[in-house]
Every structure is written in C-alpha cells, then in structure tokens.
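Proteins come first, then strands; the chains are lettered A, B, ... in the order of their sequence lines, and each starts at number 1.
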There are 2 protein chains.
Amino acid sequence: MIIPIPGQPVRGSKSGQPIMALLDLLGRSWAMGIVWHLYSGPNTFRGLQDYCESISPTTLNTRLKELRDCNLIERTLEGYTLTAYGKELYELLEPMGSWARHRWTQSFKENNNKS
Amino acid sequence: MIIPIPGQPVRGSKSGQPIMALLDLLGRSWAMGIVWHLYSGPNTFRGLQDYCESISPTTLNTRLKELRDCNLIERTLEGYTLTAYGKELYELLEPMGSWARHRWTQSFKENNNKS
DNA sequence: TAGCTTTGCTATAAAATATGTAGCGTAATG
DNA sequence: CATTACGCTACATATTTTATAGCAAAGCTA
C-alpha cells in the first residue's frame, strides 16, 4: 500500500496536493476512527482491536504503520499515542462530531416526505 | 453497500453513533474528494470523472447515490450540487486543507533525522 | 523454572470493494 | 439522419479488507 505523502502522487492526485494526500490517508478504512479514539488516551494494539469492533489485525497493523509513517501517531511505553500533529488533526475533526449529532441527524428527519 | 445512517449500526459501530456513521461514509473511496470538489460549483457526472482522475464510473455512481441518500448532495439542472448540509460539512473539512499544506507538510521535513 | 496469560503481530484464504474497459439508451446539435 | 456528449450499466480483473488461526516474546505465578 502506497503511503500518501504530500507532494508525491497519491490515489486521486498526480500532483500530490497535500489535501489530496490527507484525504487518501484518512479515507482508508478505520483511519479516522483510530485517530478519533486515540484522542481519549494512549491505547494498546488489542485495545484498539476491541474498540474497532470489526477490524482485522492485518488491517489495524497496516493502518497503524501508515499513520506512524505520516507522523500522526507514535508508539510510547503506554501504547499507541497521537503525536502533536495527530492531536491537531483531531481538533479539526472534532467539530464533525457535534455537527453529525446535531445537524446531520436532523437532515434525516426532514426527509420523511421524500420518495 | 450499506448506507451509513446515524442511529443505525454501521461498519465499526453497533450503536450507530452519528460520528461513526459519518466517518464510515466519508471513509469510502473518493467520498471526501467529491464533497471537496463540488464546493467549487455544481458539476456533471463526466466532469467529476475527470476530476477524480482514476475513479471508475461504477464507484462514482455508487458514491453519488450514497451521498444523495445521506443528504449531502443532490441533482439539479446544473448537475450534482452540494446541499446546504453538504456545504456545512465542507466548511468543517476546509480547515484540513490549510492544515495539510502548512502544518502536516512541515512534519515531513522535521523527520530527516529518523531511521 | 515450568506453566499460563497477555500482547503485538504474521500468514493465509475468502469476501468485499474498486478499477478498467466497453458500450447502451437518451437527448441535444448539425 | 449522423454525430456527439451525457449518465450510467455490465462484467472481468485487481486491490483491499475481513476472518481465523496461531506464533514469538514478555510478564506473572506457583
């Protein structure tokens, strides 16, 4: 699996615009979920496996490697942890949580009238 | 493919927490790229195909259906367009663009010293 | 120190998802 | 009519993810 690094061609962008590389990275299964979860504190491999109910160890390991290579997480004595960059990214992701709960959920209620 | 709707079980969350449903939806290939791109204006199926250099029509069509079912895009006379909800979501995504350019890119430069 | 448990992870096969290519039906244009 | 562009479907192939088993290393515990 190609590691999406800004400035290098990635899935969906030959120019390797940073945002495209980031969307590629975060678009892989479980990537955002891992970042989201680690914000609540460091966790072990098995702990993450439990959190991501249906992730396979193969995929978890692949994702962890990618996120490490992309400077978002690192390993410490306490387990996998968000780096400073990872925390910054989480903080950008966070507003999506309340938006999803309050606004997005609402949108499904408006559509009873649809076909 | 299961459409991730808040409140219903989705990939990675039996409880269907809205944020998990959203991460599932946006985590699918090209989903974020489509939202990102449509913010610059309505576009046609073929226009989106060109933008997403390597997407197949099959996947594009699947993704468009999902995004429509999830109230983020709709079809108008001008082509596919972000809904008001889609625009709100884009605005949450937008800060990631400059973060990727300025901060994330920087993180790769710091790591020359690594193994 | 021998056994048991936990942890991080690999191997492998099967299932799910995405790509690549061809091309159909419709509508507009000439 | 013929040509073109559009939205999309079909289908075979390739890639990615899951599911399951299990191994090697480290930490108890007796």
Side-chain angles (χ1 to χ4, degrees), chain A residues 1-4 9-14 20-38 41-70 72-82 115, chain B residues 1-4 9-14 20-21 23-38 41-70 73-82 115:
Chain A
M1 168 92 67
I2 294 168
I3 309 273
V10 294
R11 190 168 58 165
S13 171
K14 285 167 193 157
M20 293 307 295
L22 186 58
L23 294 180
D24 182 2
L25 178 69
L26 295 182
R28 296 174 183 185
S29 75
W30 291 108
M32 283 195 287
I34 291 170
V35 171
W36 188 267
H37 184 62
L38 283 183
N43 210 333
T44 63
F45 190 93
R46 301 244 164 169
L48 286 167
Q49 259 188 304
D50 289 342
Y51 168 70
C52 305
E53 305 162 27
S54 70
I55 199 175
S56 69
T58 323
T59 305
L60 176 55
N61 200 36
T62 304
R63 222 55 353 123
L64 288 173
K65 268 188 190 118
E66 291 165 2
L67 292 171
R68 263 194 286 175
D69 287 345
C70 289
L72 299 181
I73 66 175
E74 64 193 350
R75 290 191 69 177
T76 67
L77 292 174
E78 302 170 288
Y80 291 98
T81 316
L82 287 187
S115 63
Chain B
M1 167 93 66
I2 294 168
I3 309 273
V10 293
R11 190 168 58 163
S13 171
K14 287 168 192 156
M20 294 306 296
L23 294 180
D24 182 2
L25 177 69
L26 296 181
R28 296 175 183 185
S29 76
W30 292 108
M32 282 195 288
I34 291 170
V35 171
W36 188 268
H37 184 62
L38 283 182
N43 211 333
T44 64
F45 190 93
R46 302 240 165 168
L48 286 166
Q49 260 188 302
D50 289 343
Y51 168 70
C52 305
E53 305 163 27
S54 70
I55 198 173
S56 68
T58 324
T59 306
L60 176 55
N61 199 35
T62 305
R63 219 62 345 128
L64 289 173
K65 270 190 188 117
E66 291 165 2
L67 291 171
R68 264 195 287 173
D69 286 345
C70 290
I73 66 175
E74 63 193 348
R75 291 191 68 177
T76 67
L77 291 175
E78 302 169 288
Y80 291 98
T81 316
L82 288 187
S115 63

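- Between the CG atom of B:Asn43 and the P atom of D:dG7 there is a distance of 9 Å, given to the nearest Å.
- The main-chain N or O of B:Gly79 is found under 3.5 Å from a side-chain atom of B:Thr81 such that the two form a donor-acceptor pair.
- Close to D:dC6, at under 4.0 Å from its OP1 or OP2, lies no side-chain N or O of B:Tyr80.
- Residue B:Asp24 contributes atom CG, which lies 18 Å from atom P of D:dT16 at whole-angstrom precision.
- The closest side-chain donor-acceptor pair between A:Thr59 and A:Ser56 falls under 3.5 angstrom.
- Residue B:Ser56 places none of its side-chain N or O atoms closer than 4.0 Å to OP1 or OP2 of C:dA18.
- Minimum atom distance to the side chain of A:Pro57 is reached by C:dT10, of the listed C:dT10, D:dC6, C:dA18.
- Side-chain proximity of B:Phe45 to C:dG8, C:dT10, D:dG7: nearest is D:dG7.
- In this model, the phosphate group of D:dG7 is not approached by any side-chain N or O of B:Asn61 to a distance below 4.0 Å at OP1 or OP2.
- In this structure, B:Tyr51 atom OH and D:dC6 atom P are separated by 19 Å, rounded to whole Å.
- Residue B:Ile55 forms a side chain to side chain contact (heavy atoms under 4.5 Å, CB included) with just one option from B:Leu48, B:Asp50, B:Leu60, and that option is B:Leu60.
- The aromatic rings of B:Tyr51 and B:His37 lie parallel to each other, their planes meeting at an angle below 30°, with 60° marking the opposite boundary.
- Looking at the side chain of B:Ile55, the nearest of the listed nucleotides C:dT19, D:dG7, C:dG8 is C:dT19.
- In this structure, the CH2 atom of B:Trp30 is 12 Å from the P atom of C:dA18, given to the nearest Å.
- In terms of heavy atoms, A:Leu82 sits closest to A:Val35 at CD1-O, 3.9 Å.
- Taking 4.0 angstrom as the limit, B:Thr44 places none of its side-chain polar atoms (N or O) nearer than this to OP1 or OP2 of D:dC6.
- Rounded to whole Å, the distance from CG on A:Leu60 to P on C:dG8 is 10 Å.
- Taking atom CD of B:Gln49 as the reference point, atom P of D:dG7 lies 9 Å away to the nearest angstrom.
- Checking C:dT7, D:dA19, C:dA18 against the side-chain heavy atoms of B:Ser29 singles out C:dA18 as nearest.
- Nearest to the side chain of B:Thr58, among D:dT18, D:dC8, C:dT19, sits C:dT19.
- Of the candidates C:dT7, C:dG20, C:dT10, the closest approach to any side-chain atom of A:Arg46 belongs to C:dT7.
- Atom CZ in A:Arg63 sits roughly 19 Å away from atom P in C:dG8 (whole-Å rounding).
- If you measure from atom CZ of B:Arg28 to atom P of C:dA18, you get 8 Å, rounded to the nearest angstrom.
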